[in-house]
Amino acid sequence: MPDSFTALAHGPSRSEIERVARHLRRLEAIAERHRLRRRVIRLVRGGAGGGATLLVLMKAKIAASLSAKLVIAALVGLGFAWPLAALAVFVLITILVSLFGDETIHCDGCDCVRSNPRRARLRELIAQRRAWLAEPTGAAPRIGDERPVRR
């Protein structure tokens with residue numbers, strides 16, 4: 001710990017500062033594991049989707065050339081890896097069809113964007129501990145203080 005933390009006359013004790021720092025490291029590790037897990041899942045999902053599409057195209061002989069099969073498989077793999085990219089392509093195609101087509105396309109009740117309250121809460125806890133460690137005044141944040149009431 002830096003000496004500036006231990007030189008506080010009437011501030012929190014060294015053990016409180018160490019506890020909050022330890023809790024911050026744990027929360028940051030949880031956030032890092034979440035990011036790594038998301039990358040791995042995206043890679044597996046994209047590879048599996050693209051590979052399965054390529055196998056289907058090879059067997060069904062839908063696309064004429066190998067390059068066309070690879071392009072289609074890559075596009076499907078991209079859709080599985082990054083659903084928002086697939087959504088963007090879908091929106092672009094929908095706009096083009098609606099501009100140049102005769103029929104209308106409805107997207108009522110679409111629940112495309114979804115918030116993640118647990119991830120937002122984790123970010124709040126990390127920011128709270130960083131702010132407290134930068135200027136340790138008042139009561140130290142505790143683990144049990146932040147738990148929401150279950151209903």
Side-chain angles (χ1 to χ4, degrees), residues 1-58 68-99 101 103-151:
M1 288 279 106
D3 292 332
S4 62
F5 288 144
T6 58
L8 297 173
H10 300 291
S13 67
R14 182 177 179 86
S15 63
E16 283 183 326
I17 292 173
E18 289 172 353
R19 180 186 53 77
V20 172
R22 192 171 48 250
H23 191 218
L24 174 62
R25 284 192 304 272
R26 185 181 67 80
L27 292 173
E28 287 174 339
I30 290 170
E32 181 59 34
R33 280 194 307 264
H34 173 73
R35 286 189 291 272
L36 177 66
R37 189 178 311 123
R38 188 176 59 212
R39 286 185 199 118
V40 169
I41 287 173
R42 191 171 283 163
L43 177 69
V44 168
R45 204 172 47 205
T53 303
L54 183 61
L55 289 175
V56 167
L57 290 174
M58 292 294 228
K69 292 175 184 175
L70 290 174
V71 167
I72 293 171
L75 289 175
V76 170
L78 176 70
F80 276 109
W82 286 282
L84 288 179
L87 180 64
V89 170
F90 175 74
V91 167
L92 181 65
I93 290 172
T94 303
I95 290 172
L96 290 175
V97 168
S98 66
L99 288 175
E103 301 195 19
T104 60
I105 298 174
H106 299 287
C107 191
D108 297 330
C110 181
D111 187 21
C112 301
V113 180
R114 193 176 60 189
S115 66
N116 188 333
R118 291 176 62 201
R119 191 175 332 138
R121 184 68 182 145
L122 177 63
R123 288 181 182 148
E124 288 174 17
L125 292 173
I126 289 172
Q128 179 188 34
R129 271 126 184 103
R130 283 184 180 159
W132 191 86
L133 285 172
E135 191 173 325
T137 58
R142 301 197 61 82
I143 295 174
D145 295 343
E146 298 92 16
R147 297 198 184 192
V149 177
R150 299 221 178 205
R151 294 181 182 119

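Contact between Val20 and Ala140 at its shortest, heavy atoms only, is CG2-CB, 3.9 Å. Scanning both residues, Pro136 and Pro12, for their nearest heavy atoms gives O-CD, 3.1 Å. The two residues Ile126 and Ala31 make their nearest non-hydrogen contact at CD1-CB, 4.2 Å. Heavy-atom minimum distance, Arg142 versus Arg129: O-NH2, 3.3 Å. Between Arg19 and Pro141 the shortest heavy-atom distance is NH1-O, 2.9 Å.
Between His23 atom NE2 and Arg25 atom CZ the span is 11.5 Å, to the nearest 0.5 Å. Separating the CG atom in Leu27 from the CD atom in Glu124 is a distance of 12.0 Å, to the nearest 0.5 Å. With rounding to the nearest 0.5 angstrom, the CG atom of Leu133 is 10.5 Å from the CD atom of Gln128. Distance NE2/His34 to CG/Leu36: 11.0 Å, rounded to 0.5 Å.
Of the charged side-chain nitrogens involved, at least one lies within less than 4.0 Å of a carboxylate oxygen, so that Arg130 and Glu28 count as a salt-bridged pair.
When the side-chain contact (heavy atoms from CB on, under 4.5 Å) test is applied to Leu43, no partner is found at least two apart in sequence or on another chain.
The environment of Arg118 atom CZ is sparse: at most 12 non-hydrogen atoms of other residues, nucleotides or ligands sit within 6.0 angstrom.
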